[in-house]
Novice: 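I have a structure here, written as structure tokens, and I will follow up with some questions on it.
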There are 2 protein chains.
Amino acid sequence: MADSAGALAPQWDNGSSGGSNRAADRAYRFIREGILASRWPPGAHLREQELAELTGVSRTPVREALRRLSADGLLQLVPNLGAKVNAWTIQDLDEIFGLRATLESQVAGLAASRAEPQHLAELGALCDAMEAVVGDGDAVDFSRITPLNDRFHGLLIDIAGDRRLGQMIRQVVEMPLVLRTFARYSRRDLARSMNHHREIVEALTARDGEWASSVMRAHVRAGRAVFTVPKTE
Amino acid sequence: MADSAGALAPQWDNGSSGGSNRAADRAYRFIREGILASRWPPGAHLREQELAELTGVSRTPVREALRRLSADGLLQLVPNLGAKVNAWTIQDLDEIFGLRATLESQVAGLAASRAEPQHLAELGALCDAMEAVVGDGDAVDFSRITPLNDRFHGLLIDIAGDRRLGQMIRQVVEMPLVLRTFARYSRRDLARSMNHHREIVEALTARDGEWASSVMRAHVRAGRAVFTVPKTE
DNA sequence: ACGGGTTGCGTTGTATACAATGACGCATTA
DNA sequence: TAATGCGTCATTGTATACAACGCAACCCGT
């Protein structure tokens, strides 16, 4: 299901993207965080100078950050006009979750033929941990589930061993829309999500790629359903 | 099968990428062209200053161009060290064509349910044109086939109407590796490729998404086969 | 002869200054 | 009053100058 961020922050720190201490990376993370937190709502107009002052750097690294964010699809650059935070339509929703379904099910299928015992063990442990959080208190603590869920999906990508596939999934999953999916889950949705996870692990154990792939596809599309009330998010 | 560039230059001119007359865009196209033409071989080290002089612009737009090319996967940036043109391994080959197979077959499936008569007519005309070129002289004129082939695959993306899917396919298809696939085709390979195209059109006419999707998957994987002799390209 | 430290050079990273472009408001005119 | 042309302003695009970093060669001490 539409988990929060399919990307694992720790592994995210490859050369190409945002981990280092360069000013450009700090600006990148700062602006990105702001957009994801709706500090700048969709449609907002971002001025380079202002961002530079807010981040405490010069315009040059801000420019680089904006270019990267544009490539990520978080905002749009219009020549001589500036950066505009992207808004999301129903079509975007369909496209994003359609891509996720295609790519992540592909990953699940690959992982089925490449998973080793230690991987299965860690996946199982993650399921345990997530179920513990869900069954814990009254209100579900999303801040504790989300990292576990990210790790689950990220581990699947690692097992599949397809770097490009993983990179594309991260591109898709790190959309504000997707990131907020998890928070919309009801207790029932969460329970189903956990079941999906378990079933995927089982399919991997059976080395049944078709099975794993199918469950993953359902898992993602179930997340799409949370947005059936449009809300123009 | 692995056609040359799946991207259609004309439609390429959306805001985000390379079409305008800005210095940064000129630098982008110049460097990109150089890499694709093997003017800078894989592993080559690119210096910003040198590129700036060659392009006739300053370092600032060159920097932007390098960042974009890095996002495209054509080169890799190492902090404080510079840009290095990417080399390709067998794993890259498998990943790239695997992604193409997944994404383009998805497009074909979508297109089957959305194609209109005028689309089918244009696809048919493109098949006619390509077959005319192939059956023409002694040696096949790739410079005439390639644009037609690009248009064929690009039109399928348009018909499918999924912008993100199209964007991702272009990302994958515009790798130097893929761009040179076509030139490796034997006359037999080309004939099979034309048959695939025809069959796809037929499947679209029958509104059979599964059929179209399957043929496209075969079409792409047949292109992968051309590289079975590694050659470390 | 070999190892460690140091210095010098080249390259990228960042900041600032200048030019060009598009948008907005105002005045002018029919 | 509405439409249009012009001027000003804000903002991005580009160029240049300076700082920081990494690498390599060299020198010196052992």
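Every chain is numbered from 1 and lettered A, B, ... according to where its sequence line falls, protein lines coming before strand lines.
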Novice: Name the nucleic acid region contacted by L66(A), choosing base, sugar-phosphate or nothing; use a 4.0 angstrom heavy-atom cut-off, strictly under.
Specialist: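 Answer is nothing: L66(A) stays at 4.0 Å or more from every strand.
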Novice: Please determine, for the side chain of P79(B), which listed nucleotide (dT16(D), dG13(C), dT16(C)) has the closest atom?
Specialist: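 The answer is dG13(C), which lies nearest to the side chain.
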Novice: Starting at atom CD of E53(A), determine the distance to atom C1' of dA10(D), rounded to an integer number of angstrom.
Specialist: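 These atoms are roughly 14 Å apart.
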Novice: Can you tell me how the ring of F142(B) sits relative to the ring of F182(B), calling it parallel under 30°, perpendicular over 60° and tilted otherwise?
Specialist: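 If you compare the ring of F142(B) with that of F182(B), the planes turn out perpendicular.
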Novice: Can a side chain N or O of S58(A) be found less than 4.0 Å away from OP1 or OP2 on dA15(C)?
Specialist: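 Checking dA15(C) against S58(A), a side-chain N or O does come within under 4.0 Å of OP1 or OP2.
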Novice: How long is the line joining CD of Q49(B) and C1' of dT14(C), in whole Å?
Specialist: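 Q49(B) atom CD is separated from dT14(C) atom C1' by 16 Å.
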Novice: Look at the aromatic rings of F97(B) and F227(B) and report parallel, tilted or perpendicular, splitting at 30° and 60°.
Specialist: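 Plane angle between 30° and 60°, so tilted.
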Novice: Would you mind telling me which of dA15(D), dA15(C), dT12(C) lies closest to the side-chain atoms of P61(B)?
Specialist: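 Closest nucleotide among those given: dA15(D).
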Novice: Please check the phosphate of dG13(D) (OP1 and OP2 only) for any side-chain N or O of R67(A) closer than 4.0 Å.
Specialist: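 Result: yes.
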Novice: Pick one: which of D25(A), I31(A), L74(A) meets side-chain contact (heavy atoms from CB on, under 4.5 Å) with R68(A)?
Specialist: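 Of the listed residues D25(A), I31(A), L74(A), the side-chain contact (heavy atoms from CB on, under 4.5 Å) partner of R68(A) is D25(A).
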Novice: At less than 4.0 Å, is any side-chain N or O atom of R59(A) found next to OP1 or OP2 of dA15(C)? Yes or no.
Specialist: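 For dA15(C), neither OP1 nor OP2 has a side-chain N or O of R59(A) closer than 4.0 Å.
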Novice: Using atom CD of E48(A) as one end and atom C1' of dT21(C) as the other, report the distance to the nearest whole Å.
Specialist: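 These atoms are roughly 14 Å apart.
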Novice: What I want to check is whether the side chains of T89(B) and D92(B) have a donor and an acceptor closer together than 3.5 Å.
Specialist: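 Yes, because at least one side-chain N or O of T89(B) sits under 3.5 Å from a partner of the opposite role on D92(B).
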Novice: I would like to know whether D94(B) and R224(B) meet salt bridge (charged side-chain N to carboxylate O under 4.0 Å, His left out); could you show each step before the answer?
Specialist: CA-CA 8 Å; D94(B) 288 332; R224(B) 164 66 180 88; 2.9 Å; yes
Novice: Using atom CD of Q76(A) as one end and atom C1' of dT12(D) as the other, report the distance to the nearest whole Å.
Specialist: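 About 16 Å, once rounded to whole Å.
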Novice: Give the nucleotide from the list dT12(C), dT14(D), dG22(C) with an atom nearest to the side chain of L81(A).
Specialist: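 Output: dG22(C).
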Novice: Side chain of R47(B): nearest nucleotide among dA15(D), dT11(C), dT11(D)?
Specialist: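 Of the candidates, dT11(C) comes closest.
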Novice: Over how many whole Å does the gap from R22(A) atom CZ to dC21(D) atom C1' extend?
Specialist: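 One finds 12 Å between C1' of dC21(D) and CZ of R22(A), rounded.
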Novice: Starting from C1' on dT12(D), measure out to CD on E50(A) and report it in whole angstrom.
Specialist: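 Atom CD in E50(A) sits about 15 Å away from atom C1' in dT12(D).
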Novice: Can you tell me the distance, in whole Å, between the CZ atom of R26(B) and the C1' atom of dT14(D)?
Specialist: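 My rounded result for the distance is 11 Å.
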Novice: Taking atom P of dC21(D) as reference, at what distance in whole Å does atom CG of N80(B) sit?
Specialist: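 For the pair N80(B) CG and dC21(D) P, the rounded distance is 8 Å.
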